[in-house]
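Report on the following structure.
When a residue number appears, it is its place in the shown sequence, counting from 1.
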Amino acid sequence: PVKSAEVSLDINMSIDDQNITLGQIPEIFKGENVCVDLYNPQMAIDVVNSTPLPFSMTTDIIANNAAGATNTLSLSTSDGLSVSAGSTGHYVISRRAVQTPSGTVNIVKPAIGDLIKSLPEKIAIRTYKIQIPKEFVTVEVGKSYSASIDYAVTSPLAFGEDLSLSFTQ
């Protein structure tokens with residue numbers, strides 16, 4: 001019986017949008033004059049690729065606040081978002097360069113701070129373009145393959161020069 005085959009695939013691959021609701025935001029951070037300027041906000045993203053295909057991708061990180069304002073940060077293949085076949089790509093997106101563990105790519109995007117200046121209620125990661133090189137790969141009969149994104153937003157609690165809080169009782 002055939003257990004595997006070497007094939008050239010022409011497929012459309014997609015990764016489901018990832019959405020997170022940030023939970024209860026204290027009232028002090030909800031005013032229209034509030035600006036939360038963190039010194040070096042960071043987002044860790046892991047892209048899991050169990051397929052036999054390497055790929056690169058273009059992704060938007062979208063933050064929505066309670067007032068309906070939307071901020072978007074775009075990441076593309078030129079930022080280094082590519083994953084080898086059968087592996088997990090580890091990325092840290094930050095405003096300023098950070099030390100990362102071996103095998104983790106630091107993508108410096110000064111505009112990441114704009115995502116959270118007016119604290120968002122929701123953050124979404126939307127991957128809208130996946131590029132797969134045309135090459136022969138080995139696929140196994142009966143095996144299922146998938147790709148997914150996991151992420152976490154972190155920030156050392158150090159404020160930038162644009163921090164502004166105001167509240168009334």
- Task: To the nearest 0.5 Å, tell me how far Ser8 OG sits from Phe136 CZ.
- Result: 5.0 Å

- Side-chain touch Ile149/Met57, heavy atoms, less than 4.5 angstrom: yes

- Query: Are the side chains of Leu81 and Thr58 in touch, meaning some heavy atoms are under 4.5 Å apart?
  - Reply: no

- Would Ile112 and Ile116 show up in the same hydrophobic cluster when neighbours are defined by side-chain heavy atoms closer than 4.5 Å? yes

- Task: Report whether Ile125 and Ile15 are members of the same hydrophobic cluster (ILVMFWY, side-chain heavy atoms less than 4.5 Å apart, transitive linking).
- Result: yes

Contacts table for residues 83-92: side-chain donor-acceptor under 3.5 angstrom, sequence neighbours left out:
from, atom 1, to, atom 2, distance (Å)
Ser87, OG, Ser84, O, 2.9
His90, ND1, Asp46, OD1, 2.7
Tyr91, OH, Ser82, N, 3.3
Tyr91, OH, Ser82, O, 2.5

- Minimum heavy-atom distance Ala124-Asn19, with the two atoms named: CB-OD1, 3.1 Å

- Message: Using 0.5 Å steps for rounding, measure from the OG1 atom of Thr127 to the CG atom of Asp60.
- Response: 9.0 Å

- Message: Against the six-membered ring of Tyr39, is Arg95 placed for a cation-pi contact (under 6.0 Å from the centre, within 45° of the normal)?
- Response: no

- Item | Co-membership, hydrophobic cluster, residues Val48 and Ile93, 4.5 Å side-chain | no

- Query: Is there a side-chain contact between Asn64 and Glu121 (heavy atoms, below 4.5 Å)?
  - Reply: no

- Indicate if Val108 and Met43 have the same hydrophobic cluster label, given that clusters are the connected sets of ILVMFWY residues with side-chain heavy-atom separations under 4.5 angstrom. no

- Query: Got a sec: does the CD of Glu6 have more than 12 other heavy atoms crowding it under 6.0 Å?
  - Reply: yes

- Distance, nearest 0.5 Å, that separates OG of Ser50 from NZ of Lys143: 7.0 Å

- Would you confirm whether Gln131, through its side chain, and Lys129, through its main-chain N or O, come within 3.5 Å as a donor-acceptor pair? no

- Message: What I'd like to find out is whether the side chain of Pro52 reaches to under 4.5 Å of the side chain of Thr138, using heavy atoms alone.
- Response: no

- Message: Just to verify, what does Asp17 make a salt bridge (Lys or Arg N to Asp or Glu O under 4.0 Å) with, not counting sequence neighbours?
- Response: Arg126

- Query: Asn106 versus Ser94: any side-chain heavy-atom pair under 4.5 Å?
  - Reply: yes

- So do Lys109 and Asp79 actually touch side chain to side chain, heavy atoms under 4.5 Å? yes

- Query: Does Ile107 share a hydrophobic cluster with Phe55, counting links as ILVMFWY side-chain heavy atoms below 4.5 Å and allowing steps through other members?
  - Reply: yes

- Item | Sub-4.5 Å side-chain heavy-atom contact between Pro54 and Glu135 | yes

- Side chains of Thr70 and Ile62: does their closest heavy-atom pair fall under 4.5 Å? yes

